[in-house]
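Here is the structure we will look at.
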Amino acid sequence: MTRLDSPRLVQYGALAASALLAGLVLGRVELVALAAPFAIACVVGAALARDPQVTGTLGLARERALEDENVAATIELASAPGADRVDVLLPLPEELRAPEGNPSAVRLAADRSHAVTVPVRCDRWGSFVLGPVLVRARDRLGFHAWETSVGAPQPLRVYPRVETLLTMLAPLETQVYVGNQVSRTRGDGIEFADLREWDPGDRVRSINWRASARRGALWVNQQHPERNADVVLFLDTFVDVRSGARGTLDSTVRAATSLAHRYLQRKDRVGVVSFGGFLTWLLPASGTRQLYRIVDSLLQMDVVLSFAAKGIDVLPPRTLPPKALVLAITPLLDARSAAALLDLRARGFDLVVIEVSPVPFVQPATDELSQLAYRLWRLSRESLRLRYEQAGVPVVEWEDGEALEVVLEEVTAFRRYARPVRA
Amino acid sequence: MGVVAYASSREPTLAPVVATLGAFGAVLLLFVLVRGDADLLGWPLCVGAIAYVLSLLVHGSGIDEAAPLVAAALLLCGELASWSLDERTHIPAARGLVASRAAALAALVGAGLGAGALVVALAAAPLGRGLAWTIAGAAAAVAAVALAGRLSRS
């Protein structure tokens with residue numbers, strides 16, 4: 001432990017020595033009496049200088065938590081000779097906070113451990129490492145302090161809250177595996193699709209007897225099969241526009257988590273592409289394990305500044321399977337991601353752009369030039385949006401605080417009236 | 001302030017000087033507390049002690065029986081100021097920690113008061129003079145220094 005001595009020990013010593021010397025020179029016993037308490041304080045201070053040898057461990061009640069949940073951090077402290085006062089501080093990142101009990105001061109009895117419990121509130125998602133704990137032991141009068149850090153660092157993953165989504169975007173084309181998505185093709189399924197004349201080989205149970213009786217020939221029912229879909233969440237991580245605790249990257253991660261969770265519930269395969277200064281991807285897969293993989297990768301997501309020119313050519317081919325629904329979540333601020341999305345559309349992908357609006361996070365200055373720049377910036381965004389719409393890509397603006405479901409409903413409405421064609 | 005008031009009342013002719021010194025010491029103490037600089041804590045105590053010593057020198061050669069009280073008051077002032085600086089960052093403490101420090105502080109000041117009173121009492125006692133007393137005093141001083149050194153090493 002690192003020992004720190006209070007400066008007043010030296011000051012008291014100097015005061016006592018000066019008074020004693022003055023008492024000798026002036027021949028006044030009162031000065032000796034004046035020096036006596038300070039000399040005694042120095043002696044007591046020297047007697048109290050015993051290293052308390054504080055040791056400790058740090059433990060978390062859980063390694064995973066949701067936003068707005070509390071996780072108890074328990075700090076076990078022990079001291080062989082005992083410590084009169086031990087200040088304990090668990091350093092926390094700004095996304096986490098302790099409503100109470102951090103820092104705190106306790107007394108440690110000799111050879112007995114003492115547990116300090118700190119409730120940690122998770123304000124924002126992220127992957128964090130808590131610890132080590134900073135400990136400062138002091139003697140009873142505060143003449144000496146010993147500082148050290150105890151406890152091994154503990155990982156804590158805070159997952160973003162999942163928004164309830166009742167309706168989801170249906171892809172234009174489905175895959176060949178069984179799922180919950182009603183395919184536009186015809187085959188064996190539940191949903192009625194059409195009638196056609198009977199052909200040799202058709203099963204008897206598919207004959208529609210009512211239609212056959214009316215038309216005087218055998219007619220059979222056709223159904224839409226239930227298939228799964230491939231969904232790729234294309235996240236633009238070139239830029240993050242922030243205002244306080246909120247930002248576009250924050251909204252992007254929340255939306256991606258909610259969408260991944262819901263699509264995986266429907267037995268679809270979901271993949272993630274983080275397209276930014278640091279390129280990461282997860283190949284489409286289904287199941288709970290994939291959900292955890294996705295959320296864990298989202299927790300690591302951060303904006304990395306890069307000036308490298310990047311297109312979708314840098315992506316491995318399997319990250320964007322054919323007929324996949326590509327949901328791009330982007331603030332539409334970086335020209336590289338805007339161009340990459342148009343490139344995706346040109347290659348025939350079923351693309352939907354959810355624009356995480358940076359406008360609420362930008363406060364323009366009041367002078368005329370800044371206002372002009374702000375209006376030009378808004379116009380350029382409108383122009384970019386128009387380019388996407390001309391390419392048949394639905395673009396919906398998602399503002400901070402708005403429900404994601406409303407945005408998805410807008411896309412559904414767009415696709416209902418403006419069906420994109422294969423490029 | 002008590003020390004300054006006592007020193008002023010003891011020697012009224014010196015009251016303006018003592019009061020000025022006392023005010024300066026108080027301002028210095030306030031500065032130390034506001035700034036949170038424990039390195040300067042000795043200076044207000046020093047100024048208070050100087051104010052007392054001035055009144056002591058001007059007053060005459062008689063022994064002032066209140067000297068232990070003055071010394072204890074100065075020590076108490078220094079300790080309370082230091083405690084205040086320690087508590088600048090509020091840390092919720094377990095029950096009994098504050099009482100424990102207060103008790104230790106009271107014991108320290110009490111011991112200081114007792115030691116000062118012993119010194120004054122011994123000085124006032126008609127014990128005589130001579131080589132034996134001088135040797136005894138020197139031995140006591142050496143023993144005190146040795147004890148302090150031993151304690152600081154352990």
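None of these values were measured; they are calculated from a predicted model.
- When heavy atoms are compared at a cutoff of 4.5 Å, A/N102 does not approach chain B at all.
- With rounding to the nearest 0.5 angstrom, the CG atom of A/L31 is 8.0 Å from the OH atom of B/Y52.
- For B/A72, the part lying under 4.5 angstrom from a heavy atom of chain A is the backbone only.
- Of the inter-residue distances, the one linking B/R101 atom CZ with A/R85 atom CZ reads 7.5 Å to the nearest 0.5 angstrom.
- Expressed to the nearest 0.5 Å, how far CG of B/D86 lies from CZ of A/R138 amounts to 4.5 Å.
- In this structure, the separation between CD1 on B/I50 and OG on A/S18 is 9.0 Å, given to the nearest 0.5 Å.
- Residue contact with chain A, scored on non-hydrogen atoms closer than 4.5 Å, is absent for B/E65.
- Here the straight-line distance linking atom CG of B/L108 with atom CZ of A/F38 works out to 10.0 Å at 0.5 Å rounding.
- To the nearest 0.5 Å, atoms CG (A/L34) and CG (B/L74) are separated by 6.0 Å.
- For chain A, no part of B/L85 is nearby; none of its heavy atoms comes within less than 4.5 Å.
- With a 4.5 angstrom heavy-atom cutoff, A/L26 touches chain B only via side-chain atoms.
- For A/L141, the parts lying under 4.5 angstrom from a heavy atom of chain B are both the backbone and the side chain.
- Using a 4.5 Å cut-off between heavy atoms, A/R8 contacts chain B through its side chain alone, with no backbone atom that close.
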